[in-house]
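Read through the structure below, which is laid out as structure tokens, and then see the notes.
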2 protein chains.
Amino acid sequence: MTGAILIGQLAKASSCKVQTIRYYEKIGLLPKPLRSSGNQRVYLSDHLDRLIFIRHCRALGFSLDQIRKLLHLAGDSDKSCGEVDQIAKVHLVEVEEKIKHLEGLRQELRRIIDGCKVDKVDQCQILKALGDHGQCIAKEHGGSDI
Amino acid sequence: MTGAILIGQLAKASSCKVQTIRYYEKIGLLPKPLRSSGNQRVYLSDHLDRLIFIRHCRALGFSLDQIRKLLHLAGDSDKSCGEVDQIAKVHLVEVEEKIKHLEGLRQELRRIIDGCKVDKVDQCQILKALGDHGQCIAKEHGGSDI
DNA sequence: CTACAACCTCTAGTAACTATAGCTGCAAGG
DNA sequence: CCTTGCAGCTATAGTTACTAGAGGTTGTAG
């Protein structure tokens, strides 16, 4: 029975919280493990590998849905990996877009903060700037992808 | 009665959805407006100003909680605007940290994508890289602030 | 035998909306 | 006067990816 571990050990080995592991099982991302006589989850190394894969993908910002697809594709060993490539590239584009968006916000925030030289709220340029969208470059009112 | 408008007009004037306006009212970010004889919300220009302020802050990535504080501070007209400044600067730091984080992901994703030159899933370097956290620079397993 | 940690299930909470169901109000056309 | 249809109303549930808690059971060490 080499490598049979309980959920606490799996959590440590994968740097993933116990709750999260149970959550992944519930949504079908991790297969249901065996149970001990006392109804405790018993994991083997397959589970650990899969969980490490998932956590690494999460650390890279993939959504659980994207990860589900990647795991599915990884199971089909003679398929072309074009789809894998595609998912990764789409995600890269998303990341790049987020960076661009945030750089815009950074620039605008700096402009607003630097513009305030007074000390009273009723003359505060930050509040004025926040109330006035006119000079702002952050056009996307309504798009909350920060 | 100049400027008395219904929720649909307010939505258009602020580029904010009707549902969102009602939501802001429910959580106390927008004050409850008057009602018409037929129980419809009736707004004046104060509401529009406040809503535009909120939407602009949201576009800049402030949380509703931060916005609540900003609105509160803006009401106290003889207070020092140091706190306003503080909120804005904290947010700027948050944005800068997110940018750094995402730049790390971008670099790592590019490395992984560029490493894959084969065409079959069972040799796919992307999947291998995703399963192996060893060479990865994105250390923060568990921190999902993307 | 008794602590105590680690496990179990189930439910609710987070942020900031968005969407749906099922209703009423209101103005215009026939 | 009646209908059509849009705009408004409330209330509830869904989204993402967890996290926290209640309240109970199992396993182990002293």
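This is a predicted model, so every value here is computed, not measured. Chain naming here is simple, since letters A, B, ... match the order of the sequence lines and numbering starts at 1 in each.
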Of the listed nucleotides [options], the one nearest the side chain of [X]:
| X | options | result |
| --- | --- | --- |
| Tyr24(B) | dC17(C), dA16(C), dC18(D) | dC17(C) |
| Gln19(B) | dT20(C), dA16(C), dC18(D) | dT20(C) |
| Arg41(A) | dT18(C), dC8(C), dA17(D) | dC8(C) |
| Val18(B) | dC26(C), dT11(C), dG8(D) | dG8(D) |
| Arg35(A) | dT19(D), dT9(C), dC17(C) | dT9(C) |

When all nucleic acid strands are considered with a 4.0 Å heavy-atom cut-off, which category describes [X]: base, sugar-phosphate, or nothing?
| X | answer |
| --- | --- |
| Arg22(B) | base |
| Gln40(B) | sugar-phosphate |
| Ile27(A) | nothing |

May I have the distance from [X] (atom [atom1]) to [N] (atom [atom2]), rounded to whole angstrom?
| X | N | atom1 | atom2 | result |
| --- | --- | --- | --- | --- |
| Asp65(B) | dT14(C) | CG | P | 12 Å |
| Leu51(B) | dC17(C) | CG | C1' | 14 Å |
| Phe62(A) | dT16(D) | CZ | P | 17 Å |
| Lys26(B) | dC17(C) | NZ | P | 13 Å |
| Ile21(A) | dC8(C) | CD1 | P | 10 Å |
| Tyr23(A) | dT16(D) | OH | C1' | 7 Å |
| Glu25(B) | dG8(D) | CD | P | 14 Å |
| Asn39(A) | dA6(C) | CG | P | 19 Å |

(message) With a 4.0 Å cut-off on N to O distance, would you call Lys69(B) and Glu83(B) a salt bridge?
(response)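 Salt bridge between Lys69(B) and Glu83(B), a charged N being under 4.0 Å from a carboxylate O: no.
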(request) Decide whether Arg110(B) and Gln107(B) meet the rule of one side-chain donor and one side-chain acceptor closer than 3.5 Å. (result)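 There is no such pair (donor and acceptor under 3.5 Å, judged by atom type) between the side chains of Arg110(B) and Gln107(B).
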(request) Would you tell me whether Tyr24(B) and Arg55(B) have side-chain atoms, one donor and one acceptor, within less than 3.5 Å of each other? (result)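 Indeed, the side chains of Tyr24(B) and Arg55(B) share at least one donor-acceptor pair under 3.5 Å.
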(request) To the nearest 0.5 Å, tell me how far Ser63(A) OG sits from Arg58(A) CZ. (result)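 One finds 7.5 Å between OG of Ser63(A) and CZ of Arg58(A).
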(request) With rounding to the nearest 0.5 Å, note down the distance linking NE2 in His91(A) to CG in Leu105(B). (result)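 Between atom NE2 of His91(A) and atom CG of Leu105(B) there are 6.0 Å.
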(message) With a cut-off of less than 4.0 Å, is there a side-chain N or O of Thr20(B) near OP1 or OP2 of dT18(C)?
(response)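 Indeed, a polar side-chain atom of Thr20(B) lies that close.
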